[in-house]
Amino acid sequence: MRIHVLMFIAIVVAGCGRNGDGGKEVARTPSHAGDVWEADKLEDAAAAPATVIAFVNGLHVVVLDGSDVYAGTTRLSTTSESGGRALTLSNGLGAHIVPAGDAMELRFSSGERMTMRKQKRGGK
Amino acid sequence: MTTTTLLRHGRWVAALALVSTAAAPAARAQAVGFDSTAVAAVYHHLTGDSLDLRSAAERSPAVQRATNFDRPDVITAETTRLRSIVANANPAREFVISVNDNISEYDHEHGEFSIGLFQPGYFVPMEAFGQRYQLVFANAENVRAIPMDKASARDFDARLRATGRGVTNEIHFTVTGQGDPAGAVTGEHVIRAQVVSARLLDRQGHVVFTPAVTATPTLKSVAADAFDAGKADIAGLHVGVSATDFAATLERLFGPVKSAPAGRNVFAGFAGTIEMNADGCFTYPGRRYNPRPGAVCVTAYADKAGIVRSIRIERLFKGFDQEVFRKALTQKYGPVAAARNGATFALGWGPIIDTALVYDRSGPHTALTAHYIVESDYTLTGGSDRNDVRLVLNLVDAAWAAKAAK
């Protein structure tokens, strides 16, 4: 009986898809919950470095749903920090998403920053 | 006196690396301490990169000086000596090299000057065992900058102008492995080194600046763990997820998705495709409605069980410094395993995969590749009116592919 309980727990933990990177796991993006935010497509030269880093890390288009950020099939846990949400990326790189009027500002710990706007697409 | 040259991406640049007995104290110290054969020996000892000892012996001065009668015996003796040098090389040995370097103009945005040799793509060429080597510094980015407030920078800049911005860069380093972790220097015999300490000297030997040296903990930690394509993601997207979940994710984030059976000319293990704006990132010269920066395209392949095994995501950008992309990639994925450089470049991580699965057959042929591609369009007068860059990330579940190919 105890073995079965342990096996069940093991299966549940494995099913969560944790990949060993703190605050990060494989997940399907929710179909309706939260809002889709995307890098400003005007992409002025000053924002290009931040947009490139965001693209590499999947933050160029995300769903923000409460304290979770969905970047592709990755769910990132965030913590509340300075009026925004802080998240940890790979190898010590961090990011901070801060409200800026109708938009959001994505600030990387390496200094780059860019504007994100709520996606306008038929009913999504 | 030995003279070497500082190169970037295979092109000549102005600075010369001098290994000499010139008057400057640093140069004298270097002449005593630097031994390119010892550096190369540590490299071969550490990496196992093959070395044709007999050929190296045949090119050695001892053999060149020998008479025809004595040459076979001298070759044998020299081969034995070189083998002993490599076998007994000490990886902990610290070397010193002095390089004629230069310091950039002041970067007002970042409040810093940059040291020429420590910028991406620069290396010090050297010769040993009768062949050429490229010496790159893995932690160059950590010692590249000379941060300075504007007031101090004005005086510093005046000193630099007086010497044509030239300095002697005295570098203490150890050899740590093979290849440029940033993938900017490619070719045979790329020696990876770690700067232990450095100082910049003027022509009189006075210290101009001493960089604060830090190791490369980020790259080291990644190198310690083997790259796992099954766990890696590209732009947040993973292989190994169900095609249904993958399609739903694309639909939510980007827009309409098309799912269809895989075509005939794809890898045999693929059964279906999932596409989002698949052809919407290509620029066709002269076409009226070419894609604009911000366009995103995704193509993925699933196996018979409906599991995603290969993903390609592309995004179009206005032109930007390619080093931004390179830095973001090495920050995320660690040292580059393979690279192809040029106006467009590609970097690779992970194991080699079947060529039917790679994005670009000219390489790299690794499980994960990243491509920087300049897109050109043309005006009626023949000039290009675009400066767009298409970034492509391609990831293949290498472990699955190896089984599927059997």
Report which part of Ala50(A) has an atom under 4.5 Å of a heavy atom belonging to chain B: side chain, backbone, both, or neither.
neither

Considering only heavy atoms from C-beta outward, does the side chain of Lys332(B) approach that of Leu89(A) to under 4.5 Å?
no

Measuring only between side-chain heavy atoms, which start at C-beta, is Glu112(A) closer than 4.5 Å to Val324(B)?
no

Interface residue of largest heavy-atom contact number with chain B, from Gly111(A), Ala54(A), Ala33(A), under 4.5 Å
Ala33(A)

Determine the sole option in Thr244(B), Thr249(B), Asp245(B) for which the side chain to side chain donor-acceptor pair (under 3.5 Å) test with Arg28(A) is passed.
Asp245(B)

Among Val241(B), Leu391(B), Leu250(B), the residue with the most heavy-atom pairs under 4.5 Å to chain A is Leu391(B)

Measuring only between side-chain heavy atoms, which start at C-beta, is Gln331(B) closer than 4.5 Å to Val56(A)?
no

So which part of Phe325(B) gets closer than 4.5 Å to some heavy atom of chain A, the side chain, the backbone, both or neither?
both

Find the distance between CZ (Phe254(B)) and NE2 (His60(A)) and round it off to the nearest 0.5 Å.
4.0 Å

Taking all non-hydrogen atoms of both residues into account, name the closest pair between Pro30(A) and Arg252(B) and its distance.
O-NH1, 2.8 Å

Let me know if Val298(B) has heavy atoms under 4.5 Å from chain A in its side chain, its backbone, both or neither.
neither

Quick one: does Phe55(A)'s side chain get under 4.5 Å of Leu393(B)'s, heavy atoms only?
yes

Atom of Leu253(B), atom of Tyr70(A) and distance for their closest heavy-atom approach
CD2-O, 4.3 Å

For the backbone of Gly236(B) and the side chain of Thr73(A), can you confirm whether one donor and one acceptor N or O come within less than 3.5 Å of each other?
yes

Select one option (side chain, backbone, both, neither) describing which atoms of Ile313(B) are under 4.5 Å from chain A's heavy atoms.
both

